[in-house]
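Index from 1, following the sequence. Just so you know, these numbers use all the heavy atoms, side chains as well, and skip hydrogens, waters and symmetry mates.
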Amino acid sequence: QVQLVESGGGLVQAGDSLRLSCAASGRTFSSYAMAWFRQAPGKERELVAAITRSGGSANYADSVKGRFTIARDNAKNTVYLQMNSLKPEDTAVYYCAANKFGNIYDRPTLYDSWGQGTQVTVSS
């Protein structure tokens, strides 16, 4: 199983940008589909973005489409989430997740490995 560590979260103002990083320690990172989920207090964990093994295809939640971009660098065993035009409703803990079979899904139960999460807070 792959170990995942997120970083890059913080406190920003509405309209600002952040880039989250997820570093993977597994030797077969390029075999995993990767995703970012987020969870706000009292809310269900929801898919933000997911990317295929090669990075050739990606899915986004409607709420972030056009503002967020997911990317991966398999040579560095890292997946990124570039977040632009941040809104207060983006405030949540953001989690990196992996699917070992290389498939992307919108349900968190279908992912095998998870990072510890990184807090993103957007003030108005």
| task | Quick one: name the residues clustered hydrophobically with Y32, using the 4.5 Å side-chain heavy-atom rule over I, L, V, M, F, W, Y, and just say none if it's on its own. | result | V2, L4, V12, L18, L20, F29, M34, W36, V48, I51, Y60, V64, F68, I70, V79, L81, M83, L86, Y94, V120, V122
| task | Quick one: which residue pairs count as a salt bridge (charged side-chain N to carboxylate O under 4.0 Å, His left out) with a foot in residues 77-88, not counting sequence neighbours? | result | none
| field | E6 side chain to Q116 backbone, donor-acceptor under 3.5 Å | value | yes
| field | Single-linkage hydrophobic cluster, 4.5 Å side-chain cutoff, L11 and V93 together | value | no
| query | Tell me, do T69 and Y80 make a side-chain contact under 4.5 Å, heavy atoms counted? | reply | no
| Can you list the residues that meet the side chain to side chain contact (heavy atoms under 4.5 Å, CB included) rule with N59, with sequence neighbours excluded? | I104
| Looking at residues at least two apart in the chain, or sitting in another chain, which of them share a side chain to side chain contact (heavy atoms under 4.5 Å, CB included) with E46? | R38
| note | Residue pairs passing the disulfide bond (SG atoms under 2.5 Å apart) test with at least one member in residues 54-124, sequence neighbours excluded, are C22-C96
| said: How about CD on E89, more than 12 heavy atoms from neighbouring residues, nucleotides or ligands closer than 6.0 Å, or not? | reply: yes
| Residue pairs, two or more places apart or on separate chains, that pass side-chain hydrogen bond (donor to acceptor under 3.5 Å, both in side chains) and touch residues 18-31 | Q3-S25
| query | Okay, side chain of R67, backbone of S85: is any donor-acceptor separation there less than 3.5 Å? | reply | yes
| request: Indicate yes or no for a side-chain donor-acceptor contact from T78 to the backbone of K76 under 3.5 Å, with no hydrogens or angles considered. | output: yes
| field | N/O donor-acceptor pair under 3.5 Å between D106 side chain and L47 backbone | value | no
| request: Provide the full list of disulfide bond (SG atoms under 2.5 Å apart) pairs with a residue in residues 24-92, sequence neighbours left out, each pair given once. | output: none
| Between the main-chain N or O of T91 and the side-chain N or O of T121, is there a donor-acceptor pair closer than 3.5 Å? | no
| field | Sequence-distant partners of N74, side chain to side chain donor-acceptor pair (under 3.5 Å), two or more places apart | value | R72
| said: Minimum heavy-atom separation for A92 and A40, please, with both atom names. | reply: CB-N, 3.9 Å
| note | side chain to side chain contact (heavy atoms under 4.5 Å, CB included) filter on S123, not counting sequence neighbours, yields Q13
| field | Residues forming a side chain to side chain contact (heavy atoms under 4.5 Å, CB included) with A97, sequence neighbours excluded | value | F37, Y111, W114
| said: Taking side chain to side chain donor-acceptor pair (under 3.5 Å) as the definition, give me every residue that meets it alongside N84, ordered by chain and number, with sequence neighbours left out. | reply: S17, Q82
| Partner residues of S113 under the side chain to side chain donor-acceptor pair (under 3.5 Å) criterion, sequence neighbours left out | Q1
